[in-house]
Amino acid sequence: MTALSPAPPAPPTTDLPLAPDVRPVVPMTRPGARTALDPDVAPKLGMRNVNVYYGPKRAVRDVDLAIPPNAVTAFIGPSGCGKSTILRCFNRMNDLIPSARVEGAVLFNGEDIGAPDVQPVAVRQRIGLVFQKPNPFPMSIYENVAYGPRRHGVKGRAALDDVVEKSLKRAAIWDEVKDDFRRKSGLALSGGQQQRLCIARTLATDPEVILMDEPCSALDPIATLKIEALINELRSTVTIVIVTHNMQQASRVSDRTAFFTMGDDRAGYLVEVGPTLQIFTNPRQQLTEDYVSGRFG
Amino acid sequence: MTTLRRTLLADRIATAILWAIAIFVVAILLAIIAHFLLAAVGTLGPAFLFGDPSESSVGGIGPVLWNSVYMLVLTLLITVPLGTLGGIYMAEYAGEGQITNIIRFCQELISSVPSIVVGLFGLALFVNATHWSYTALGGALALTVFNLPLMSRLAEQAIRAVPDDERSGSLALGSTKWQTIVHVVLPIAIPGLVTAVILTAGRIFGEAAALLFTAGVSTPTHYDFGNLNLTDPRSPWSPFHTATTLSVYIWKINSEGLGDFVRQLADASAAVLVLLVLVFNLGARALGRLLQRRVTGA
């Protein structure tokens, strides 16, 4: 198994071409948020010339992308534009689909994690994924959160108790479950609580990146706001990439937004990426303008 | 309005028919149990269950009851681990293709071979070729021939029924495929696996034809449970002892029809067999629930 090297302490070199014309813009939601790519900080995630195929069909075409650390990046675009497929490249989940093939470089801390000698398991231990439909295991809340650490070799009651409590607190669900989280099944929680449990479960493995694939699309508005508040809490310590079909959500939670669409060849591609405020108010591309203003999609 | 009335009527008729069928099935089951229990009243008791067979009285079925349980345990010890692993392979690793189609075809074919044929096959292989003579092990292996395909098929279905969401949830946390199978898929599949074990066990309790030529039909007289020598064919603990089971015994006393107590003996033995299956089913389900609670902590 090829272990990934530990996260570098933000080396000053950037091996991705960063958008040169992006200036810091006042964010829509948070004063002082990191919305532009700082040329002094290496991107956390990146793609260079990535193409994804399902069998002979190309599903994603020529994606070049850089995602800054400790910020929230939203992927928006119409259905079928490959947002989720692109997201899943970052933790090798496309490997689970036998016909899927990823070409190009998928970068994590500057390292190509798509390379054949990189173990998907090693990647997924550091890049978590939260699914569209909450999928807690049919186990107690405690066992759900302890699942990842246990599999990665954390032993001992005290150590597990510690990581479970910390993770539930970080996922802002501790107060709701602290009385019975050892006995109560994860399935007995409401949908929104289940999704926060899934986030806690991911946090328990202490990932550097959390990918979220439409995490609120199965939730009611109040539960959605709680997840968004949680994303806001986590943004300073974890890199978050969130796929959403909800443009208001993208504008509320993200520092940067990437807009994808589907070409005439039915392959998805990146139209543009930039600070969220700019994408929503002053995009460079007409396609983006049409989409965010609701003229299509 | 008439259309509505017609569809409502059809709905009610369908419901009534389904209820009738359900009641019919339950009634048959209750009738069978009641018939044998009533016939066995007076005979059933500790002396009958645990006593030795006798020429001069009804006697007991202790040794054959022991053999049935022994055969069950021995066959399950072979079938359940192998069948579950086979099911895991078929559900999680084999994928779809010509080879899996052939395997599946063979599974269905073997599990539907008439059991008397399996018995003759067992006679040739586990009795004659091995020079074991009639043994519990030979019987268990003959039962395995058609129970293993059944167990692996049912285990595969139980494992396939686990939603993919659970698998990807585990994999996305950086678990390996094997960890995912052991810690998520199998615990969730436990109820289905328990059903598989129960169906397999039912065939072990009930089978007679396949055991006639492999485990033997002699009436055991007395078992010395103090003899723990596992290679001694006279020890009831040994896989090499001749093991006439309850089903085979019922067939034997009915077909020979000798003695004054045959009717009583056959009825009571049948009642015990039915109760044994019932007790095993309930026990297995309770054990399955306990096991699931244990491994999932919920």
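Quick note on labels: first sequence line is chain A, next is B, and so on, each numbered from 1.
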Calculate, to the nearest 0.5 Å, the distance between atoms [atom1] and [atom2] belonging to [X] and [Y] respectively.
X	Y	atom1	atom2	value
A:M139	B:R293	CE	CZ	15.5 Å
B:T176	A:R124	OG1	CZ	10.5 Å
B:T180	A:Y147	OG1	OH	4.5 Å

Tell me, for [X] versus chain B, whether the close heavy atoms (under 4.5 Å) come from the side chain, the backbone, both or neither.
X	value
A:P136	backbone
A:I127	backbone
A:F131	side chain
A:T205	side chain

Is the count of non-hydrogen atoms from other residues, nucleotides or ligands lying under 6.0 Å from [X] atom [atom1] greater than 12?
X	atom1	answer
B:K177	NZ	yes
A:E233	CD	no
B:Y93	OH	yes
B:L109	CG	yes

Interface residues of residues 79-88 of chain A facing chain B - non-hydrogen atoms under 4.5 Å apart: none

Residues in residues 92-101 of chain A near chain B [non-hydrogen atoms, under 4.5 Å]: A:M93, A:L96

Interface moiety of B:L171 toward chain A, non-hydrogen atoms closer than 4.5 Å: both

Largest heavy-atom contact set with chain A, pairs under 4.5 Å, which of B:H183, B:Q179, B:E166: B:H183

Atom of B:G174, atom of A:V121 and distance for their closest heavy-atom approach: O-CG1, 3.0 Å

Given A:R151, A:Q125, A:R201, A:R150, the one that forms side chain to side chain contact (heavy atoms under 4.5 Å, CB included) with B:L173: A:R201

A:N135 side-chain N/O to B:D165 backbone N/O, donor-acceptor pair under 3.5 Å: yes

